[in-house]
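Encoded as structure tokens, the structure appears first; notes follow it.
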Amino acid sequence: MDGAPKGGERATLGTPIGAMLAELNDRQRQAVLHEGGPLLIVAGAGTGKTATLAHRVAYKIATGADPGRILLLTFTRRAAGEMLRRVDGILRRLETETRRPVPGAAVGASADKRLSDAPATDRAASGKVWGGTFHATATRLLRLHGRTIGLDPSFTILDRGDAEDLMGVLRTELGLSKNDRRFPLKGTCMDIYSRCVNARETVEETVENHFPWCRGEIEDLRRLFSAYVDHKGEQSVLDYDDLLLFWHGLLTDSRAARSVHARFDLVLVDEYQDTNRLQAEILQMLCPGGVNLTAVGDDAQAIYSFRAATVRNILDFPQQLPDTTVVTLERNYRSTQPILDATNEVMAGASERHAKDLWTERREGDKPRLTPCEDENEQTEFIIRTVLDHREAGLALRRQAVLFRASHHSLALELELARRNIPFRKYGGLRFVETAHVKDLMAFLRLAENPRDLMAGTRVLMLLPGVGPKKARALMDRLGAAPARFAAWSDCPAPSAASAEAWNGLVSLMADIASRDPGDLASQIKRIRLFYTPLLQRLYDNARARVMDLEQLEWLAARFPDRARFLAEIALDPPAYTEDLAGPPLLDEDFLILSTMHSAKGLEWDVVFVIHAADGNIPSDMATGRLEEIEEERRLFYVALTRAKDWLYVCYPVRYYSRPRSFSDAHGYAQLTRFVSDRALRLFDLQPASATLGSNGPSAPTPGDTAGQGDGVTTEDIRRRLKDLF
DNA sequence: CTACCGGAACTTTTT
DNA sequence: GTTCCGGTAG
């Protein structure tokens, strides 16, 4: 299948670039070398998608493209980092193989110069390529160009929790909470709102299709959403959806659009199957006609429709952009044939399927193993035992991963790993930054950065004894009236007798860290921490552990250039709760990976365990309403299974002592997930956990290892258009 | 207006 | 077990 590069290529074998291209198969090479019109790479699981994308970027740079004019949109910052690391690796290899300029290697003088003269640091693509999520990229662009559409570039970002809280405040303010009928909770309101924005649907459409039980509340939802939009505008805060919406807005303003277009020669989008309509529109405006646009994805791995992603984006791409070249990657480099056979069979059960024939040359390997366990304890025991066995055989912990549907599914396992001093790192689920004390501390910083940020301000003020929502709101109004100077607070009397001392401390603290010269970020956090610690002790138990978290936050902050960047990055890509903050990683550090199936997207491990693979968990009984939802759960299960390279274990406890739904000691019997059909079952090696645990005896404990100058589009226009949806 | 208590409803995945 | 809401005491 792999032959010499096709004719017409400017790079030839025998040159470093030719050698680089020879590492790829025909289809991959075609994708890397493609020029001009829109390119869609349909890449099945494990078909070298990341390698192809990285080679394409590296090839473009090596043949003269300016890395600073390439935009690489990925699903997470982690994915962007990984991709750029590989680009750097490829470029470095090209460089060392190129002692002198390569005559045959195509390209103009700039590439030769790049490969021979430029200093090494200058060549690191990762520092120059625009890489990151849609949201992070939107933030950067809006800071640079927001003024054109009348957006104050010093906006702060509301994370999901803050946005929900604001929605909650307005919900109460509009009198929607005390109603004879039950008005949807703030989280549900936020879900509805968010879907409207991201799917570009009206409230009616969204409620009808996705929240039919809220049909009676459409009028009130409209009022609520309108108020929500207004409040964000007044406070100069943007939520996640606004970041995309205003980026979209930038591109509808001809002047702003020109500046944004002028920045990029090449746009690449990873995980395209998980983009939503708003994102697709942004891309089409960014690359009119799809010229110089590369999208990569796999419809069989679409797992984010709950976030308004639509698989139609990838399926309709060739119709929407008629010049599209479609390259399909079907050769799997990741998994062994027995694993592929099983995963293909799971996917074969899908009601709507776009056929892809994944094949591999890795014929040999163990059948995936299906392990029913007596109960959760046995499952935990089986996982730990098998992980350690693999490690004995030479596989580091970090090459093994345990995957599950919901974050809390790993709780028992986490406890046991901790008890035995087996290091692990967990991705997905509750984050460090979502804990109350961390949010408190961040609120001080956010308030200093943007004194109009109501949610941040209220949060800070309510820490004081005797201050509740009303007094906090009054003080925030005062701050907003004075041109956002904390001096406005200094002539206020203490809001309550109990808070006299704390009030003075707060006023001077805020004046200090919001001043022109507040000192470096770590020292700001330190001052906040000193002020906040006594309040924390009054409000929460576990004060000692919480204060230590804050010290870690201080340490983490030292890596960020300034407060605004720190706040934005924490909001857009918060560190995982467990280990990201545990100090500088040691080179030989080894840890087992625990991850939600969602967070496992795009990654691979030698050994993969899928736990709690019982009906009710996967598919989650939260998602068994409509066929579409069940099919998405199937794809999610498929994503989990296809992460495995050599060994795949699927486990489920037969007996649950307490089913998720309360009524404490009600126990139940679980059944294997419906996604493993009878046909699929034959492709697994069925072996109860007792077969492993019985034979080896208990394992020994392991040692721990400028405003408004465009052609009239403003934030107001965008908000108005948005409101037309309501 | 805040602080606190009891009953009721809800409980996934994430930028 | 958690968060949310309404009632009541200070």
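All values reported here derive from a predicted model rather than from experimental measurement. Only heavy atoms go into these numbers, but all of them, side chains included; no hydrogens, no water, no symmetry mates. Throughout, protein chains are lettered first and strands after them, A, B, ... in sequence-line order, and every chain is numbered starting at 1.
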Options [options], nucleotide nearest the side-chain atoms of [X]:
X        : options                : value
A/Ser599 : B/dT2, B/dT14, B/dT13  : B/dT14
A/Phe306 : B/dT14, B/dT15, B/dT11 : B/dT14
A/Lys471 : B/dT13, B/dT12, B/dT2  : B/dT2
A/Pro469 : B/dT2, B/dT12, B/dT13  : B/dT2

How would you list, by chain and number, every residue that makes a side chain to side chain contact (heavy atoms under 4.5 Å, CB included) with [X], sequence neighbours excluded?
X        : value
A/Ala418 : none
A/Ala474 : none
A/Arg473 : A/Val169, A/Glu173, A/His231, A/Leu454, A/Asp477

- Message: OP1 or OP2 of B/dT14 versus the side-chain N and O atoms of A/Thr596: is any pair under 4.0 Å?
- Response: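 Yes, A/Thr596 has a side-chain N/O under 4.0 Å of OP1/OP2 on B/dT14.
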Provide a list of protein-nucleic acid N or O atom pairs under 3.5 angstrom, restricted to nucleotides 2-4 of chain C.
unit_1: C/dC4; atom_1: OP1; unit_2: A/Lys186; atom_2: NZ; d: 3.2

- By side-chain hydrogen bond (donor to acceptor under 3.5 Å, both in side chains), which residues pair with A/Lys601, not counting sequence neighbours? A/Asp274
- Partners meeting side-chain hydrogen bond (donor to acceptor under 3.5 Å, both in side chains) with A/Thr76 (sequence neighbours left out): none
- Message: Classify A/Tyr304 by what it touches in the nucleic acid, base, sugar-phosphate, or nothing, heavy-atom distance under 4.0 Å.
- Response: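 Here A/Tyr304 touches the backbone only, sparing every base.
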May I have the distance from [X] (atom [atom1]) to [N] (atom [atom2]), rounded to whole angstrom?
X        : N      : atom1 : atom2 : result
A/Asp242 : B/dT15 : CG    : P     : 18 Å
A/Lys470 : B/dA3  : NZ    : P     : 14 Å
A/Leu463 : B/dT2  : CG    : C1'   : 15 Å
A/His210 : B/dT12 : NE2   : C1'   : 17 Å
A/Met190 : B/dT15 : CE    : P     : 15 Å
A/Arg140 : B/dT15 : CZ    : P     : 19 Å
A/Asn198 : B/dT14 : CG    : C1'   : 12 Å
A/Glu434 : B/dT13 : CD    : P     : 10 Å

- Task: Check A/Ala163 against A/Tyr228 and note the closest heavy-atom contact, atom names and distance.
- Result: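 Heavy atoms only, the tightest pair is CB-OH, 3.3 Å.
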- Parallel under 30°, tilted from 30 to 60°, perpendicular over 60°: which one fits the rings of A/Tyr304 and A/Phe75?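 Answer is tilted, since the angle falls between 30° and 60°.
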- Query: Taking for each residue the nucleotide of DNA chain B bearing the nearest heavy atom, is the 5' side occupied by A/Glu633 or by A/Leu464?
  - Reply: A/Leu464
- Message: Judged by each residue's nearest nucleotide on DNA chain B, which is more toward the 5′ side, A/Glu632 or A/Met462?
- Response: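 First, find each residue's nearest nucleotide; the 5'-ward one identifies A/Met462.
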- Query: Is there a donor on the side chain of A/Arg405 or the base of B/dT12 sitting less than 3.5 Å from an acceptor on the other?
  - Reply: yes
